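Only one structure is covered here, and it is reproduced in the block below.
Just so it is clear, the model here is predicted, and its values are computed rather than measured. One-based numbering along the sequence shown. The figures that follow rest on heavy atoms only: side chains count, while hydrogens, waters and symmetry mates do not.
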Amino acid sequence: MDDESLDQLIMQVARSKKFADAWQDFEDQDQHADFCDLFSKRVAGRYLANTLAYLDADRAMNGLYAYAYHLGVDRGMPEYSWAVFITFEEGEHVHDGDNSDTPADEKYVRPLLQKMHV
C-alpha cells in the first residue's frame, strides 16, 4: 500500500463514526501482521512529524485495534502494532501526579514513540 492510500485510510478510520464502517470496503492485500505494522508505523511517524494530530492518531490506532479484534474475526496484532496502540492509550487519561491540563500526549506518548519508532 502506498503512502497516499495509507494516509487516506488512516484519516478514514480516524474520522469515522463507527469503525466497522471505516473498514467495510477494506481488503488487506498484505499479510495481516505486515499491514498492521505498516499502518502503526505510519501513524506513529506522522504523529512524531507533527503531520497528524494526537486525537486523529489515537483514534486511528483505536480503529486498528477494532479491526484486529472486534470486526468479525479475531486477527490479533503483532508486537510492534500492539506497542504503538498501548503507547497512544497513555495519552487518553490523566496520570497520577499530573494536573488535568497536563498534555499527556506530549508528556507520555511522544517520548515513548521516539524511543521505539523505527
Fill in the blank from the handout: Sorted by chain and residue number, the side-chain contact (heavy atoms from CB on, under 4.5 Å) partners of L38 (sequence neighbours excluded) come out as M1, L6, D30
Problem - For E4, all residues meeting side-chain contact (heavy atoms from CB on, under 4.5 Å), sequence neighbours excluded - result: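 side-chain contact (heavy atoms from CB on, under 4.5 Å) list for E4, sorted by chain: D2, Q8.
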Hey, can you pull the donor-acceptor pairs under 3.5 Å for the side chains in residues 57-73, sequence neighbours left out?
residue: R59; atom: NE; partner: A14; partner atom: O; Å: 3.3
residue: R59; atom: NH2; partner: S16; partner atom: O; Å: 2.4
residue: N62; atom: ND2; partner: D58; partner atom: O; Å: 3.4
residue: N62; atom: ND2; partner: E92; partner atom: OE2; Å: 3.3
residue: Y69; atom: OH; partner: M77; partner atom: N; Å: 3.2

Exercise for the section: Say whether, by atom type as modelled, one donor and one acceptor occur between the side chain of Q12 and the main chain of A22 under 3.5 angstrom. Expected result: yes
Exercise for the section: Keeping the roles fixed (side chain from S81, backbone from C36), state whether a donor-acceptor pair exists under 3.5 Å. Expected result: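 Such a contact is found between S81 side chain and C36 backbone.
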Practice task
Using a 4.5 Å cut-off on heavy atoms from C-beta on, say whether the side chain of Y47 contacts that of R110.
Solution key: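 With C-beta onward as the side chain, the pair touches.
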Practice task
May I ask you to test the Y80-S40 pair for a side-chain heavy-atom distance under 4.5 Å?
Solution key: yes
Handout entry: Closest contact, heavy atoms only, M116 versus A83
Key = CE-CB, 3.3 Å
Practice task
Anything under 30° is parallel, anything over 60° is perpendicular, the rest tilted; go ahead and classify F85 against W82.
Solution key: tilted
Practice task
Could I get the full list of salt bridge (Lys or Arg N to Asp or Glu O under 4.0 Å) partners for D7, not counting sequence neighbours?
Solution key: R42, R46
Fill in the blank from the handout: salt bridge (Lys or Arg N to Asp or Glu O under 4.0 Å) filter on D56, not counting sequence neighbours, yields R15
Exercise for the section: Could you list the residues that satisfy side-chain hydrogen bond (donor to acceptor under 3.5 Å, both in side chains) with R75, not counting sequence neighbours? Expected result: none
